[in-house]
Number of protein chains: 2
Amino acid sequence: MSVVLTAARLADEVGFENVTLAAVASRLGVRIPSLYNHVKGLPGLRRELALYGIRELNKRLQGAAIGKESDKAIESMLYAYRSFVRERPGLYQATLHAPDPQDREVQEASQAIIETVLTVLEPFHFKYEDALHVVRGFRSVAHGFVSLEAAGGFGLSLDTDESYRRLISVFLRGLHCSSL
Amino acid sequence: MSVVLTAARLADEVGFENVTLAAVASRLGVRIPSLYNHVKGLPGLRRELALYGIRELNKRLQGAAIGKESDKAIESMLYAYRSFVRERPGLYQATLHAPDPQDREVQEASQAIIETVLTVLEPFHFKYEDALHVVRGFRSVAHGFVSLEAAGGFGLSLDTDESYRRLISVFLRGLHCSSL
DNA sequence: CACGACAAACTAATGTAGTTAGCTTAAAAT
DNA sequence: ATTTTAAGCTAACTACATTAGTTTGTCGTG
């Protein structure tokens, strides 16, 4: 299996910050320097992990919106976002650690996610700029909840499924209700 | 200056993940092993950083709510959250990396933040459990936006101040509007 | 005043990780 | 048949964290 796929699996098991070249090499049954024939050191591996993760996340979001529209589509994508992070926690972490956020490919992949979300917002008929603000809100809600949950940031006492359900509901109501 | 305060400053300058004992020692004009007289190695330093960061954040949130109530108080606290992360990005990162989320002191400090937010939610007269869900939403919105912004996750083209203002507005409208 | 305890520094040594340089080998391309 | 390339390797170097054991000064107490 490729170095990046191996590293992604490893990340999910031990966390992104514990993905070392040593561990990847060991898992591949190979010596550390051999990896340098495939990735540009640890920074290069992390960049490729980030790229892979962003693209995978986008696929999930796209899949979640198929056959749904407006509120249902947004809700479905938010749940897909959470599922992705739960299934691939290490890979998701990697998406947040692109060494250089200016990297062209990374930016393109991120832009693709923005387009995905923009598409499901079309039924709302927002002005383009307004829709971009909403996309940022969407990502904030999804990332915020899901990363706090993954980090164990929520106490144990209360059902997190219900918390997420309600947060989604608040977000959607906020988008619709124009009072205030 | 204390080891933890020095490390916190350093974290803000170079990022939490680049806080090494070597760098802290160098800044204090001391050899690395000397730090072991003050903190329990790197894990111990990180734990103390997390604790310090959580408590500082709580102070900020409390300060922001003084003399405000309901919507204004929540809005003010969300802005304070963002200010804190902008001023002390490394220290904030530390709050998310408590080595052991079960740690008693860490849990108490986190609980104090929850209490702080619960206090400003009192005017809403939520049931206790409902209020807890809202607190999670509050933290998700704040953390989500602010950490994506800090990670350079938002493109450059659009004003982030405006995005945050709107997200807050959506959140508050969502809390009030009961349609759906 | 002397002595012991303690705080806080130090040196030395060990282990792990990332990186680079340079070598080997087998398969693919010319 | 020869060259190129892909993919592995060893060896050596650096940085960092950690532990063990040592030194030194201060401070309180007998």
Side-chain angles (χ1 to χ4, degrees), chain A residues 1-53 89-91 93-103 105-106 151, chain B residues 1-53 89-91 93-103 105-106 151:
Chain A
M1 197 173 31
S2 89
V3 172
V4 176
L5 292 184
T6 303
R9 287 266 187 97
L10 186 62
D12 291 331
E13 292 171 26
V14 302
F16 173 77
E17 65 279 359
N18 298 317
V19 173
T20 62
L21 293 185
V24 174
S26 158
R27 183 163 292 207
L28 286 167
V30 140
R31 300 292 179 156
I32 301 175
S34 306
L35 297 179
Y36 283 76
N37 290 317
H38 303 276
V39 294
K40 296 208 181 82
L42 188 58
L45 175 59
R46 288 181 170 169
R47 174 190 173 276
E48 296 202 47
L49 268 183
L51 210 45
Y52 174 54
L91 186 54
Q93 277 187 291
T95 66
L96 307 166
H97 287 80
D100 175 18
Q102 311 296 343
D103 181 299
E105 282 189 289
V106 170
Chain B
M1 199 170 37
S2 91
V3 172
V4 176
L5 291 185
T6 302
R9 287 266 188 98
L10 185 62
D12 291 330
E13 292 170 27
V14 302
F16 173 77
E17 65 278 0
N18 297 316
V19 172
T20 63
L21 293 185
V24 174
S26 157
R27 182 161 293 206
L28 287 167
V30 142
R31 301 291 181 157
I32 301 174
S34 306
L35 297 178
Y36 284 76
N37 289 316
H38 303 276
V39 295
K40 297 208 180 83
L42 189 58
L45 175 58
R46 288 181 170 169
R47 175 191 173 275
E48 296 203 45
L49 266 183
L51 209 45
Y52 174 53
L91 186 54
Q93 277 187 290
T95 66
L96 306 166
H97 287 80
D100 174 18
Q102 310 297 343
D103 181 300
E105 282 189 290
V106 170

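Just so we're on the same page: letters track the sequence lines, and every chain starts at 1.
- Residues A/Leu49 and A/Phe16 form a side-chain contact, since some pair of their non-hydrogen atoms from C-beta on lies under 4.5 Å apart.
- In this structure, A/Leu28 atom CG and D/dA7 atom P are separated by 13 Å, rounded to whole Å.
- For A/Thr6 (side chain) and A/Ser2 (main-chain N/O), a donor-acceptor pair under 3.5 Å exists by modelled atom type.
- The backbone N or O of A/Leu91 sits less than 3.5 Å from a side-chain atom of A/Asp12, completing a donor-acceptor pair.
- Annotation for A/Arg27: atom CZ counts as buried by contact number, over 12 foreign heavy atoms lying within 6.0 Å.
- Rounded to an integer number of Å, the gap from CD of A/Glu17 to P of C/dA17 is 14 Å.
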Distances under 3.5 Å between nitrogen or oxygen atoms of protein and nucleotides 5-9 of chain C:
residue, atom, partner, partner atom, Å
C/dA9, OP2, B/His38, NE2, 2.4
C/dA9, N7, B/Asn37, ND2, 2.6

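- The interatomic distance linking A/Leu21 (CG) with C/dT20 (P) rounds to 11 Å, in whole Å.
- Atom OH in B/Tyr36 sits roughly 13 Å away from atom P in D/dC16 (whole-Å rounding).
- Between the CG atom of B/Leu42 and the P atom of D/dA17 there is a distance of 5 Å, rounded to whole Å.
- The shortest distance between side-chain heavy atoms of B/Val14 and B/Leu10 falls below 4.5 Å.
- Salt bridge absent: B/Arg47 and B/Asp100 never bring a charged side-chain N and a carboxylate O closer than 4.0 Å.
- Going from atom CD1 of A/Ile32 over to atom P of D/dA15 covers 18 Å, rounded to whole Å.
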